[in-house]
> 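Below is a structure I'd like to ask you about.
Every number for a ligand or one of its atoms is a count from 1 in the order of the listing.
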Amino acid sequence: MAQILPSIFGANLLRLQDEIQFLEAEKTEILHVDLMDGTYVSNIAFGPNQIAAMKKASSMMFDVHMMLANPERHIDDVINTGAEMISVHYESTPHVHFILQKIKKAGRKAGIVLNPATPDSVIEYLLDDIDYILIMTINPGQPGQIFIEKSLEKIRNTKKLIAGRNIKIEVDGGVNAEIAKKVKEAGADLIVVGGALFNSNPKESYESLRASIQ
Ligand code: DX5
Ligand code: ZN
């Protein structure tokens with residue numbers, strides 16, 4: 001069953017507690033939390049301290065999407081936030097295998113993130129070390145971008161590479177209700193949504209997003 005993961009980066013940050021309570025009342029299981037360092041991507045958002053504070057105030061599982069240069073320098077702090085799922089960009093470090101092992105050893109779900117130009121084949125030697133693959137369907141760092149259509153082919157190819165293993169496919173960027181249906185049909189399990197959920201009438205938007213993947 002595919003599911004929607006709200007991206008807290010798209011929420012109204014002046015009302016963060018209300019937004020978290022709204023998502024919990026809507027029975028959200030997993031919250032997607034972006035961590036951006038201003039170097040690997042131009043934006044800056046949610047450091048480990050802020051993530052830990054949100055985690056304490058919430059009963060949802062946290063999926064931390066690390067968009068960081070030198071993730072090896074920050075991984076312990078990210079693990080200490082209590083996040084249940086942590087993903088690292090393939091392109092962000094030569095030591096991606098090391099980071100994935102650290103996440104797994106801490107008893108969390110480990111994800112590898114692929115940028116739009118990163119081939120799906122890079123996961124070949126990581127298949128035993130990951131719980132999920134996050135396919136970026138925009139270039140990371142900025143909300144409000146247009147979904148890259150070529151991603152549908154990448155989702156289908158990744159599904160083939162997984163070959164029945166217990167590895168989930170997550171997508172992130174530019175997803176609305178119509179695209180949620182398409183990525184689900186292509187094989188996505190975890191569908192991150194920011195703007196299309198929070199920008200106008202979140203309750204109705206959430207309903208139509210969920211209806212689109214039924
Ligand atoms: C962007 C982030 C996304 C972002 C998605 O780099 O990784 O999680 O919040 O926002 P939308 O759904 O608006 O593209
Ligand atoms: Zn993200």
> Assess His65 for proximity to ligand 1: is some non-hydrogen atom of it under 4.0 Å away?
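Per 4.0 Å heavy-atom rule, His65 contacts ligand 1.
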
> Taking 4.0 angstrom as the limit, do Arg108 and Asp131 come out as a salt bridge?
no

> Excluding sequence neighbours, so at least two apart, what forms ring pair (Phe, Tyr, Trp, His ring centres under 6.0 Å) with His89?
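Partners of His89 by the ring pair (Phe, Tyr, Trp, His ring centres under 6.0 Å) criterion, ordered by chain and then number, come out as Tyr40, His65.
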
> Any N/O of Asp34 closer than 3.5 Å to an N/O of ligand 1?
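It does: an N or O of Asp34 is found under 3.5 Å from an N or O of ligand 1.
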
> Please enumerate all residues that pass ring pair (Phe, Tyr, Trp, His ring centres under 6.0 Å) together with Phe46, with sequence neighbours excluded.
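Partners of Phe46 under the ring pair (Phe, Tyr, Trp, His ring centres under 6.0 Å) test: none.
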
> Report yes if some heavy atom in the side chain of Glu170 is under 4.5 Å from a heavy atom in the side chain of Asp189; otherwise report no.
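SC-SC contact between Glu170 and Asp189 ruled out.
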
> Provide, to 0.1 Å, the distance between atom 13 (O) of ligand 1 and the closest protein heavy atom, together with that atom's residue and name.
Gly195 N, 2.9 Å

> Between His32 and ligand 1, which part of the residue brings a heavy atom under 4.0 Å of the ligand: side chain, backbone, both or neither?
side chain

> Starting from the Zn ion (ligand 2), count all protein N, O or S atoms within a radius below 2.8 Å.
4

> Between the side chain of Lys203 and the main-chain N/O of Phe22, is any donor-acceptor distance below 3.5 Å?
no

> Which heavy-atom pair separates Ser7 from Val192 by the least distance, and what is that distance?
CB-CG1, 3.7 Å

> Please identify each residue that fulfils side-chain hydrogen bond (donor to acceptor under 3.5 Å, both in side chains) with Asp120, with sequence neighbours left out.
none

